[in-house]
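What's counted below: heavy atoms across the whole structure, side chains too, no hydrogens, waters or symmetry copies. From a predicted model like this one, the values you see are computed outputs, not experimental measurements. Below, chains carry the letters A, B, ... as their sequence lines are ordered, and counting in each starts from 1.
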Amino acid sequence: MHNCPMTEFASAPADQAESQPQLLLVDGSSYLYRAFHALPDLRVDPNDRASQPTGAIRGVINMLTVLRKQYPKAQYAVCVFDAPGGTFRDDIYPEYKAQRAPMPDDLRSQIAPIHEAVDLLGWRVLAVPGVEADDVIGTLARTAAEQDIEVIVSSGDKDLAQLVTERITIIDTMSGKRRDLAGVQTEFGVPASLMVDYQVLLGDSVDNVPGVDKVGPKTAAKWLTEYGSLDAIVENASKIKGMAGENLRKALEWLPTGRQLLTIRTNCDLTGYVDGLPSLDAVTGREINAEAMVEFYKKYGFKTLAKGLEAGQSKTASPAAGSGPKSGSNSDPSTGDLFADPPAASRAGELKYDVVFDWPAFDAWLAKIEAAELTALDTETTSLDEMQARIVGISFSVTPGEAAYIPLAHTGPDTPQQLPLDEVLQRLKPWLENPGKKKLGQHIKYDRHVFANHGIEVRGYAHDTMLQSYVLEVHRPHGLASLAERHLGRKGIQYEDLCGKGAHQIPFAQVAVDKAAEYSAEDSDQTLDVHLALWPRLEENDKLRGIYELEMESSEALYRIERTGVLIDGDALRVQSHELGQRILALEKEAHELAGQPFNLGSPKQIGEIFFVKLGLPVVKKTATGAPSTDEEVLEKLAEDYPLPARILEHRGLSKLKGTYTDKLPLMVNAATGRVHTHYAQAVAVTGRLSSNDPNLQNIPIRNAEGRRVREAFVAPPGCVIASADYSQIELRIMAHISGDEALLRAFTEGLDVHRATAAEVFGVETEQVTSEQRRYAKVINFGLIYGMSSFGLARNLGIDNTAARNYIARYFERYPGVKKYMDDTRQSAKDTGYVETVFGRRLYLPEINSPNGPRRAGAERAAINAPMQGTAADLIKMSMVQVQKALDEQQRKTRMIMQVHDELVLEVPEAEVEWMRSEIPRLMAGVAALKVPLLAEVGVGPNWEQAH
DNA sequence: CTGCTAGCATA
DNA sequence: GTATGCTAGCAGA
């Protein structure tokens with residue numbers, strides 16, 4: 001990085017002029033609300049819901065920190081809040097903001113601490129009675145702009161767009177949106193100078209200010225473009241046709257009032273609040289009052305922020321920052337350095353990206369990562385298929401705002417001389433494989449594979465931002481771009497911008513090195529910053545941190561499973577495919593004859609035409625789009641009276657089998673390993689489960705003999721057997737544990753057949769007297785409970801009427817009152833908090849639990865019932881995987897895990913280890929947690945997966 | 001070539 | 001009635 005060719009990229013606002021003074025204006029009021037609603041319910045004491053809430057405090061601090069980092073040179077900094085009490089607008093129009101709900105208590109109690117924090121962070125806090133925050137912002141912005149100062153207003157509120165001028169830009173720190181002159185024109189279709197006119201036409205439903213009825217963004221923009229201003233529109237009101245024109249004429253009297261209400265004032269008298277205007281000295285940013293800030297962080301339970309600041313204090317006794325933190329006093333404005341001593345968490349500065357082309361530069365970075373406490377690491381590769389991917393380049397970041405990219409295998413035109421891939425990897429290998437050198441990544445399981453493809457087993461991965469996000473906010477997206485936007489307010493380079501998408505996509509290796517460097521370095525940098533934003537939130541919550549640690553350990557176990565792969569007998573499957581093909585052909589012929597014409601049996605649409613138009617069969621039910629359904633249930637019903645549906649039914653079954661399994665699986669065999677390597681998605685399922693794809697090995701058929709033959713092709717290599725270890729009745733056991741229902745607990749503690757026991761209770765007979773029919777009913781009821789069933793669903797499933805189903809459920813709840821209580825309590829707490837928890841504290845959010853849309857809300861309620869059980873089961877099997885992997889490693893066993901299917905672990909076991917495995921694996925699985933009921937794991941062994949059951 | 005739907009495989 | 005992923009067909013680029 002010193003005497004070597006390199007490129008520097010200034011990220012963030014690249015147009016930031018060096019010498020131009022800047023004023024940062026934050027719309028504190030808009031961010032209060034957004035932080036309050038966006039962040040989970042944080043508390044000083046996470047376990048005490050009555051303790052001081054801190055989510056909004058945290059959010060505002062984060063936002064200011066991000067902003068400060070983006071504009072490190074800003075000289076003036078003000079954060080404006082609404083003052084309590086009415087404003088001049090209420091006098092003009094009593095209905096102003098009449099529909100606004102009062103501020104929630106949990107937010108109100110955070111206002112004073114927020115003001116305190118903002119002040120300690122070195123910002124001037126302003127709240128002026130009688131006018132709104134917007135008016136204060138407008139006044140300050142105009143004053144500053146008149147003095148040739150560049151003004152950056154940060155707000156989540158669109159209304160401020162009317163303030164935009166050449167000197168005034170509105171940014172939305174949370175979404176990264178940037179509204180300057182061009183941005184406003186693009187977004188609204190009118191120039192910034194006409195934004196007031198535009199808003200008056202539209203009105204503002206949030207503030208209860210009417211506009212012109214039926215005039216939306218499109219019409220408003222059209223009129224303004226046509227006539228040039230609202231005044232001109234009013235003058236020509238009589239000429240405007242249609243409904244909108246009529247409404248406009250009706251609104252003519254109102255419009256001047258609307259304009260008064262919606263115009264942001266830029267001439268407020270701020271005397272007494274900002275002395276010294278228009279010199280602006282009064283709002284000069286100060287240094288952080290570090291000492292007091294640490295106290296503040298501690299008081300509100302932000303342990304990591306406190307630690308970071310304390311560390312930063314001792315480390316950076318920089319002379320430029322003066323003699324350390326001073327409380328309250330303004331620093332010398334002539335330094336122009338608003339944030340001389342930022343917390344360690346986000347060192348200010350332009351984002352600096354190095355491209356490493358030669359050995360001296362490489363050595364410098366190697367020394368950096370060797371010395372670093374934590375290094376963010378990212379690879380760019382030739383393929384998304386993790387078993388195939390080869391490295392194209394590697395990036396690192398150890399300090400926020402600084403990153404390096406090492407291009408290694410770019411092949412595009414004009415690619416400069418790159419360092420040799422193999423040699424670089426050899427030199428990085430000791431660091432990569434050193435467990436003491438802590439690393440961090442986004443989706444580290446992928447990078448582990450990539451390095452393994454080059455013979456490197458990475459050790460010392462301490463964090464994965466994807467998993468942090470998954471644990472904190474399971475229902476939100478977890479891609480790095482989403483995380484950066486959501487938590488940093490940063491919008492990076494899109495992958496598609498580099499490589500294009502779809503068929504036109506080019507390999508990453510052909511991307512120009514400078515572009516690739518910018519992209520990759522930014523990824524590492526963002527990964528580090530996202531970590532700094534998310535890890536503190538995990539660290540201060542014991543339960544979530546525990547779940548995160550489980551995810552990190554699972555990630556490594558999953559990597560091992562994926563890497564190992566599964567041996568598939570491709571020839572056996574090809575034989576099955578051929579047989580299925582013959583039978584499918586025969587069925588097609590029969591079906592065509594029965595229909596009297598050829599048609600595609602795989603097309604529900606064509607089947608519909610034949611059935612319901614040509615043959616006049618009765619429509620049993622319709623699909624979501626209103627077309628007559630031809631699904632299995634319908635076909636079964638029609639098959640009672642007609643011959644054709646049965647053929648279709650059989651055809652469906654066979655072609656599903658052939659098309660999805662017997663044809664496809666042999667094609668998925670990896671040429672290098674001779675095995676199939678699925679991918680387990682660890683951050684997809686909202687309940688904490690894994691999902692499996694490419695291929696999906698979690699939906700291999702088992703329910704009928706036809707399908708089970710596919711499982712025979714999952715085989716063990718010579719000298720080994722396949723073992724399947726699965727949890728027995730795991731979700732019902734969890735229901736027993738969570739609900740604490742005595743009857744259910746007893747059934748499991750006594751080792752009874754739980755469906756039989758349920759039948760005995762519901763039908764009021766002795767356990768020995770239960771018929772197989774009764775047991776079948778009980779089983780359906782038990783499953784229904786796990787799914788949050790309704791009587792309607794149960795009736796449909798059992799083929800009984802609704803009243804009978806309701807009776808069964810009533811009988812069940814009579815016999816198992818604890819279960820009833822659990823269901824009710826879970827629904828209620830989901831409504832109160834917006835989430836439910838697993839036994840181990842994994843949070844499962846239900847965004848629609850309070851939806852005004854009935855069916856959606858009902859769906860969320862069912863999910864609320866199911867999620868703790870499904871999620872706890874997921875937690876348990878993840879614990880099992882970690883424990884099993886640990887045991888295999890410690891004892892240097894040859895046994896390998898090869899699959900996970902939600903409540904089942906599949907292993908490949910050398911014959912010599914079968915006895916050990918038979919006793920030890922179930923013991924480990926049963927022992928991962930002590931619930932109120934025993935856990936039971938059962939193991940089967942066979943030459944293939946089918947016979948291991 | 002892409003995105004949607006209908007249908008269906010698993011726990 | 002919970003949670004997923006994959007396929008074929010089909011419509012609109």
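Among the protein residues, A:Glu731 comes within range of no part of the nucleic acid, since none of its heavy atoms lies under 4.0 Å from any strand. Residue A:Ser691 is in sugar-phosphate contact alone, with no base atom involved, counting any heavy-atom pair closer than 4.0 Å across all strands shown. At a threshold of 4.0 angstrom between heavy atoms, the contacts of A:Phe792 are confined to the sugar-phosphate backbone, with no base atom among them. Among the protein residues, A:Gly602 comes within range of the sugar-phosphate backbone only, with heavy atoms under 4.0 Å from sugar or phosphate atoms but none that close to a base. Among the protein residues, A:Ser655 comes within range of no part of the nucleic acid, since none of its heavy atoms lies under 4.0 Å from any strand. At the heavy-atom level, A:Asn797 lies under 4.0 Å from base atoms of the strands shown.
When only modelled atom types and interatomic distance are considered, A:Ser383 and A:Gln388 share no side-chain donor-acceptor pair under 3.5 Å. With hydrogens and angles left out, the side-chain atoms of A:Thr630 and A:Arg652 include a donor and acceptor closer than 3.5 Å.
Close to C:dC10, at under 4.0 Å from its OP1 or OP2, lies a side-chain N or O of A:Ser603. The phosphate of B:dT2 has neither OP1 nor OP2 within less than 4.0 Å of any side-chain N or O from A:Lys501.
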- Heavy-atom contacts, protein to nucleotides 5-11 of chain B, under 4.0 Å, summarised as B (base), S (sugar-phosphate only) or - (none) per nt, yield SSBBBBB

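Annotation: A:Phe763 is in aromatic contact with A:Tyr808 [ring centroid separation under 6.0 Å].
Counting only heavy atoms from C-beta outward, the side chains of A:Phe612 and A:Val619 approach each other to under 4.5 Å.
Proximity of a side-chain donor or acceptor of A:Thr564 to a complementary backbone N or O of A:Arg560 within less than 3.5 Å is detected.
Here C:dC6 presents its P atom at 11 Å from CG of A:Leu665, a figure rounded to the nearest Å.
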